[in-house]
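One structure below.
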Protein chains: 2
Amino acid sequence: MVVHLIRKLQNYAPLSEEERSALQDLSNRRQRVLNSRDDVIAQGERPGFVNLVLEGFACRYKILPDGRRQILSFFIPGDLCDLHNEVLGVMDHSIGAISPLRIAQIGSDEIEAVMTRFPRLSRAFWWNELVGEAITREWLANLGQRTGAERVAHLLCETFVRMRAIGLVDAAGACPFPITQADLSDALGISIVHTNRMLQDLRAEGLIVLKGRALQVDDLGALMRLANFEPSYLHLRRHDGEEAGDPAEMHRETTA
Amino acid sequence: MVVHLIRKLQNYAPLSEEERSALQDLSNRRQRVLNSRDDVIAQGERPGFVNLVLEGFACRYKILPDGRRQILSFFIPGDLCDLHNEVLGVMDHSIGAISPLRIAQIGSDEIEAVMTRFPRLSRAFWWNELVGEAITREWLANLGQRTGAERVAHLLCETFVRMRAIGLVDAAGACPFPITQADLSDALGISIVHTNRMLQDLRAEGLIVLKGRALQVDDLGALMRLANFEPSYLHLRRHDGEEAGDPAEMHRETTA
DNA sequence: CGAGGAGTTGATACATCTCAAAAAATGTGG
DNA sequence: CCACATTTTTTGAGATGTATCAACTCCTCG
């Protein structure tokens with residue numbers, strides 16, 4: 001659904017009908033469906049396309065020489081991967097599907113054309129890229145400074161807020177969350193067992209319900225406090241965080 | 001010294017005399033000198049300039065709500081900070097001087113003009129940005145997957161190789177290294193005490209000599225092996241790493 | 001209904017942290 | 001160039017967060 005991308009970009013600037021349909025076009029031309037754990041593109045390959053996540057979760061990850069895996073970021077619907085990576089030539093990391101995944105493969109030239117035609121869209125893409133970098137920096141702080149419990153809580157906050165921003169949190173305060181505990185631990189730099197225990201602590205305190213590939217946040221404020229989560233790095237419009245908020249509001253936009 | 005920037009960019013593409021003097025120009029207009037620990041720009045401020053490090057080390061860092069500090073990257077001579085950060089508006093992190101520092105402050109418009117006039121230089125700047133992001137990703141893997149000893153070794157490898165690439169490693173295999181152990185530990189996510197002990201292990205094994213704000217690497221191969229250091233993410237020309245190499249080679253370029 | 005993936009549990013080991021203080025290096029003003 | 005103040009590095013010892021190993025249970029899905 002390109003609507004997720006549109007919702008996200010509108011955090012930066014409102015888009016015209018024309019701009020929105022240009023995005024719709026881009027995403028309709030060439031699509032690809034993958035299973036969980038399939039690679040969108042692997043370390044060592046040359047990027048041919050810009051990938052737009054339409055449905056499902058993906059991740060950027062890196063395998064160390066000795067086999068350890070670090071997940072570098074999660075992609076949720078509306079996320080754009082590797083807008084500029086062709087400049088480097090060879091991928092120094094991989095992109096893989098976390099869940100069943102549908103993506104649009106967009107040629108660099110097609111993106112280029114749209115960006116030339118719609119300068120505001122071009123700036124919105126830029127903004128989007130920079131927010132991605134800000135998230136990576138926050139992850140660095142997460143791994144470097146926070147305890148296991150904080151890391152887990154922080155990642156849940158981040159993902160939940162990002163999902164909310166694209167309208168994927170429902171009225172009950174729940175959203176799809178297909179990330180396994182093994183994936184979480186590779187993202188957070190802690191063991192699976194420890195991840196499991198930290199999640200149970202969060203459950204025991206009544207902050208979250210996490211089961212069946214879905215995450216429900218019952219007390220976002222408390223979760224944010226526990227994590228030292230300060231959402232400004234996401235550069236979204238709403239920085240409140242007091243309560244999960246009125247989910248109805250998230251549906252205000254046209255559903256493309 | 002703009003020569004460091006030039007050397008670095010020439011890892012991507014050779015630059016003409018004209019292009020090099022354009023860079024020289026950029027860096028001569030407006031300069032600024034700071035003491036250790038001064039901020040170049042602080043979290044919350046709006047970036048006004050692109051900063052080019054001419055002499056000394058700086059770092060990008062982030063202060064968590066509860067005061068903990070994470071260093072996100074180190075800047076060495078020739079590094080360009082925040083080529084595009086004006087898009088985000090407000091800095092979500094700070095840039096501070098690690099050592100006495102001299103920087104050039106370049107207006108976005110001046111950079112813009114040069115990039116328009118010299119497309120190859122423009123692509124070189126791009127490449128430079130992307131290498132910066134690749135380094136950040138590697139740091140994530142470093143914090144998430146490596147042990148304390150490996151982290152220390154890895155950061156030393158990275159810094160040493162980057163210094164070598166801009167010609168700042170001397171014939172004895174030594175380079176300036178003004179980073180304190182406290183800084184190292186904030187970058188690596190381990191305590192000062194542990195950092196100290198890991199450094200001593202490296203010394204005891206005869207891999208490095210680190211004292212008086214200088215780092216000498218005596219066995220780069222062994223250090224790289226210990227760290228699981230795989231330099232391809234730096235996207236430099238020489239990926240050997242067998243021995244510190246012939247430093248004379250690094251002086252082949254004109255000294256601007 | 002069976003199989004493999006995902007989640008959970010308990011027990012033990014160890015890497016790393018914390019606290020506290022000394023030693024060494026560095027900078028500064030007289 | 002010395003004396004003092006400050007920062008940085010080093011050391012020791014005890015506390016603890018997290019990893020590891022191994023087993024078991026519970027899902028999910030074909």
Side-chain angles (χ1 to χ4, degrees), chain A residues 35-38 57 66-71 96-100 142-156 176-204 208-215 226, chain B residues 35-38 56-57 66-71 96-100 142-156 176-204 208-215 226-227:
Chain A
N35 294 318
S36 308
R37 324 241 138 258
D38 286 352
F57 278 39
D66 67 342
R68 285 172 282 185
R69 177 179 75 143
Q70 174 66 38
I71 291 184
I98 287 283
S99 69
N142 208 21
L143 295 197
Q145 301 302 321
R146 286 189 254 257
T147 66
E150 293 171 318
R151 290 185 210 184
V152 172
H154 193 278
L155 181 55
L156 295 184
F177 195 85
I179 305 173
T180 68
Q181 292 183 12
D183 291 331
L184 283 178
S185 56
D186 280 347
L188 296 171
I190 57 183
S191 70
I192 292 188
V193 173
H194 199 52
T195 301
N196 180 274
R197 289 182 170 135
M198 297 304 100
L199 285 173
Q200 292 187 49
D201 289 352
L202 294 180
R203 289 190 188 105
I208 62 166
V209 177
L210 175 57
K211 67 168 184 219
R213 260 89 274 249
L215 167 67
L226 201 162
Chain B
N35 294 317
S36 308
R37 324 238 139 263
D38 285 354
F57 279 39
D66 66 341
R68 285 172 282 186
R69 177 179 75 144
Q70 175 64 40
I71 291 184
I98 287 283
S99 69
N142 208 22
L143 295 198
Q145 302 302 319
R146 286 188 253 258
T147 66
E150 293 171 318
R151 290 185 210 184
V152 172
H154 192 278
L155 181 55
L156 295 184
F177 194 87
I179 305 173
T180 67
Q181 293 182 15
D183 291 332
L184 284 178
S185 56
D186 280 347
L188 296 171
I190 57 182
S191 69
I192 292 188
V193 173
H194 199 52
T195 301
N196 180 273
R197 290 184 169 131
M198 297 303 101
L199 284 172
Q200 291 186 52
D201 289 351
L202 294 179
R203 288 191 188 106
I208 62 166
V209 178
L210 176 57
K211 67 168 185 218
R213 259 91 271 252
L215 167 67
L226 201 163

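Across every non-hydrogen atom of B:Phe177 and B:Leu210, the tightest pair is CD2-CD1, 3.7 Å. Contact detail for B:Ala182 and B:Ile192: the closest heavy-atom pair is CB-CD1, 3.7 Å. Nearest approach of A:Ala153 to A:Leu226, heavy atoms of both residues: CB-CD2, 4.1 Å. Contact between A:Asn142 and A:Leu155 at its shortest, heavy atoms only, is ND2-N, 4.5 Å.
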Problem set entry | Criterion side chain to side chain contact (heavy atoms under 4.5 Å, CB included) on A:Leu199 and A:Leu184, from CA distance to verdict | CA-CA 10 Å; A:Leu199 285 173; A:Leu184 283 178; 4.1 Å; yes

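What separates CG of B:Leu143 from P of D:dT18 is a distance of 15 Å, to the nearest Å. Between the CZ atom of B:Arg213 and the P atom of D:dT8 there is a distance of 7 Å, rounded to whole Å. One atom, CG of B:Leu210, and another, C1' of D:dT8, lie 12 Å apart when rounded to the nearest Å. For the pair B:Leu199 CG and D:dT10 P, the computed distance is 7 Å after rounding to whole Å. For the pair A:Asp201 CG and D:dT18 P, the computed distance is 11 Å after rounding to whole Å. Distance CD (B:Gln145) to P (D:dA19): 10 Å, rounded to an integer number of Å. Look at CD1 on A:Ile192: it is 13 Å from P on D:dC21, rounded to the nearest Å. Atoms NE2 (B:His194) and P (D:dT8) sit 21 Å apart, rounded to a whole Å.
The terminal axes of the helix from C:dC1-D:dG30 to C:dG30-D:dC1, fitted over 5 pairs per end, subtend an angle of 60° to the nearest 10°.
For residues 189-200 of chain A, there are no salt bridge (charged side-chain N to carboxylate O under 4.0 Å, His left out) pairs, not counting sequence neighbours. Sorted by first and then second residue, the side-chain hydrogen bond (donor to acceptor under 3.5 Å, both in side chains) pairs involving residues 176-186 of chain A (not counting sequence neighbours) are A:Arg37-A:Asp183, A:Arg69-A:Asp183, A:Arg69-A:Asp186, A:Thr180-A:Asp183, A:Gln181-A:Asn196. Note on residues 147-156 of chain A: pairs passing side-chain hydrogen bond (donor to acceptor under 3.5 Å, both in side chains), not counting sequence neighbours, are A:Glu138-A:His154, A:Arg146-A:His154, A:Thr147-A:Glu150, A:Glu150-B:Arg68.
A:Arg203 comes within contact range of the sugar-phosphate backbone alone, with a heavy-atom separation under 4.0 Å but no base atom that close. Across all strands shown, A:Thr180 has heavy atoms under 4.0 Å from sugar-phosphate atoms exclusively, and none from any base.
For the atom pair CG of A:Leu215 and CG of A:Leu202, the computed distance is 10.0 Å after rounding to the nearest 0.5 Å.
Side-chain contact between A:Arg203 and A:Ile208: present, with at least one pair of heavy atoms (C-beta onward) separated by less than 4.5 Å.
Residues passing the side chain to side chain contact (heavy atoms under 4.5 Å, CB included) test with A:Pro178 are A:Phe57, A:Ile98, A:Ser99, A:Arg213, sequence neighbours excluded. B:Asp201 is linked by a side chain to side chain contact (heavy atoms under 4.5 Å, CB included) to B:Met198, counting only residues two or more places apart in sequence or in another chain.
Once you apply a 4.0 Å limit to the heavy atoms of chain A, the touched nucleotides of DNA chain C run 5' to 3' over C:dA6 to C:dA11.
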Detail all sub-3.5 Å separations between protein N/O atoms and N/O atoms belonging to nucleotides 11-16 of chain D.
from   : atom 1 : to       : atom 2 : distance (Å)
D:dT11 : OP2    : B:Gln200 : OE1    : 2.2
D:dT11 : OP2    : B:Gln200 : NE2    : 2.9
D:dG12 : N7     : B:Arg197 : NH2    : 2.4
D:dA13 : N6     : B:Arg197 : NH1    : 3.4

What are the atom names and distances for every N/O pair under 3.5 Å that joins the protein to nucleotides 24-30 of chain D?
none

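The closest donor-acceptor contact from the side chain of B:Gln70 to the backbone of B:Ala187 lies under 3.5 Å.
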